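Just below is one structure, and these are the notes that go with it.
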Amino acid sequence: MKLDTAEFLEVFERIASIGATPDGGCERLSMSPEDIEARALLTGLLEEEGFAVWREPTGSIWARLEGEDPSLAPVLVGSHIDTVRNAGKYDGLLGVMLGYWAMRQIRREKIPHRRPIELVVFPTEESARFNYPTVGSKLLAGRVGPDKLRECIDAGGVSLYDALRAQGLDPDDTEPGRRRLREAFCFAELHIEQGPSLESRRTPIGIVEAIAAPTRLTVEITGEYAHSGACPMHLRRDALAAAAELILAVEKIGRFESVNHSVAAVTRCRLVNESMNVIPGHAVLGIDIRGIDQDSIDRCVEGVRRSLRKICSTRGVRGGVEVVSKDSPVQMSPTMMHAIRKCCEHCRLPYHLMPSGAGHDAMNVAPLTDTGMIFIPCKNGVSHNPAESVEPSDIEAGYQVLSELLLDRAKHR
Ligand SMILES: [Zn+2]
């Protein structure tokens, strides 16, 4: 199906402009007045179009386009419309709007399809306000319970649980939404890549193979505080110099494992009791390792431990590694990847198989039903920033593949 780009962008802008910032970006933190306004506008658009809309009790929004056989499990498409602070327009919203648009065109042009097609908009995908990512889809997937929402507190002391209740929602009433998600035939999410791979390859479509999972480590290095003038060089036990060696070692480990799509970096470095005239005695580092291959992730962690041991023994400092969090990478469904590839070939669009470095709602849905993700390029790989930008031709390509995919899946018995 071909996108009427001008008309689509006009409707897209109506929602994207809610919470608009002066520099062309937008800000719709989860359950903020702007997010609530955008949710209401979208719900109105869906109802106007004649879809059966369900305001699910825990905050997701569902719209259904009936198929020839209403008894069959539906094909799901969706993403999120909340944003980070000072965000771009396309993260999340583009996937929701293209899904809506495909359903609208299928309905208006009376294109036959056996299965129902449903749009699902997950709430609170971003962690910007409540400090916990993809919590809406985690709740519906049964990965967390309503208690978790009580623990998600914003800077003003408001819990996500209370924010939902204030909207007349009931975060304890999870079962209807969970059942609907569980019983879906498949789930498709289109999203901007949020990285530079597709743009640098001049490829309009990315087919996500797996969503990377973070493993986070805290490393403490203890040396000896000493006077930075009086202590001779050969007697120093400099914790920061040891940390510097580890930072470079982690980069080397990440580069080495990048052939397996892993990445690793020291992302935080803190000195305890730092002072201009004191040799640092205590450094605390944060390390973020991500990948889609568990063995490769494990090798990165082992590499960090080995490097630290070596640095400690040559420099006479002590070091300790703590694994702060450890998530498993999520594989996308081979059936969905194959179906997306067929759609790309049918539309004569080049594609690239790739991992997703960022997390998405799709990773929570994947254990429940066949799940696939389509990426399209964004300018310079920039996201979570007002400079986020997508070429209309890439939106058109994404739409062709997504709409083709929905029809292909909806034909299946
Ligand atoms: Zn997103």
Side-chain angles (χ1 to χ4, degrees), residues 12 15-16 18-19 21 25-32 34-35 38-39 42 59-61 76-101 119-141 143 152 160 187-199 205-208 210-214 290 292 327 329-330 332 354-366 371-390 394-395 398-399 402:
F12 177 83
I15 296 196
I18 300 174
T21 53
C26 63
E27 186 167 303
R28 291 187 305 274
L29 297 184
S30 169
M31 297 299 145
S32 64
E34 295 78 20
D35 185 33
R39 289 162 55 83
L42 177 63
S60 59
I61 299 167
L76 289 192
V77 58
S79 193
H80 64 99
I81 66 169
D82 66 318
T83 73
V84 296
R85 274 179 214 289
N86 203 27
K89 286 182 195 172
Y90 300 93
D91 176 359
L93 183 63
L94 188 63
V96 168
M97 293 304 285
L98 287 178
Y100 152 67
W101 208 261
L119 179 73
V120 54
V121 183
F122 291 108
T124 326
E125 196 268 351
E126 301 288 3
S127 57
R129 180 173 174 197
F130 294 104
N131 306 309
Y132 193 64
T134 66
V135 62
S137 53
K138 280 194 179 93
L139 183 71
L140 282 193
R143 290 192 54 192
C152 296
L160 175 55
F187 174 65
E189 180 171 5
L190 179 144
H191 205 282
I192 56 168
E193 182 201 342
Q194 301 180 288
S197 298
L198 291 173
E199 187 184 55
I205 301 292
I207 303 175
V208 176
I211 299 176
R290 297 184 190 221
I292 57 172
D327 286 327
V330 178
M332 295 292 102
M354 61 186 298
S356 169
H360 296 285
D361 289 313
M363 69 191 180
N364 300 322
V365 182
T371 295
M373 277 198 88
I374 300 166
F375 273 175
I376 63 169
C378 53
K379 196 175 169 201
N380 298 326
V382 172
S383 183
H384 285 187
N385 187 285
E388 200 175 87
S389 169
V390 181
D394 291 327
I395 297 178
Y399 182 70
L402 181 68

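Here the structure is a predicted model, which is why all the values come from computation and not from measurement. One-based numbering, in listed order, for ligands and for the atoms of each.
Counting only distances under 2.8 Å, and ignoring water, the protein N, O or S atoms around the Zn ion (ligand 1) are His80 NE2, Asp91 OD1, His191 NE2.
A ring-ring contact (aromatic ring centres under 6.0 Å, His included) with His360 is found for one member of Phe122, Phe375, Phe187 and no other, namely Phe375.
At a threshold of 4.5 Å between non-hydrogen side-chain atoms, the residues Arg129 and Asp35 do not count as touching. Residues Asn131 and Cys152 have side chains not in contact (no heavy-atom distance under 4.5 Å, counting atoms from C-beta outward). Residues Asp394 and Glu199 have side chains not in contact (no heavy-atom distance under 4.5 Å, counting atoms from C-beta outward).
Residues passing the side-chain hydrogen bond (donor to acceptor under 3.5 Å, both in side chains) test with Tyr90, sequence neighbours excluded: none.
Across all their heavy atoms, Ser79 and Val96 have their closest contact at C-CG2, 3.6 Å.
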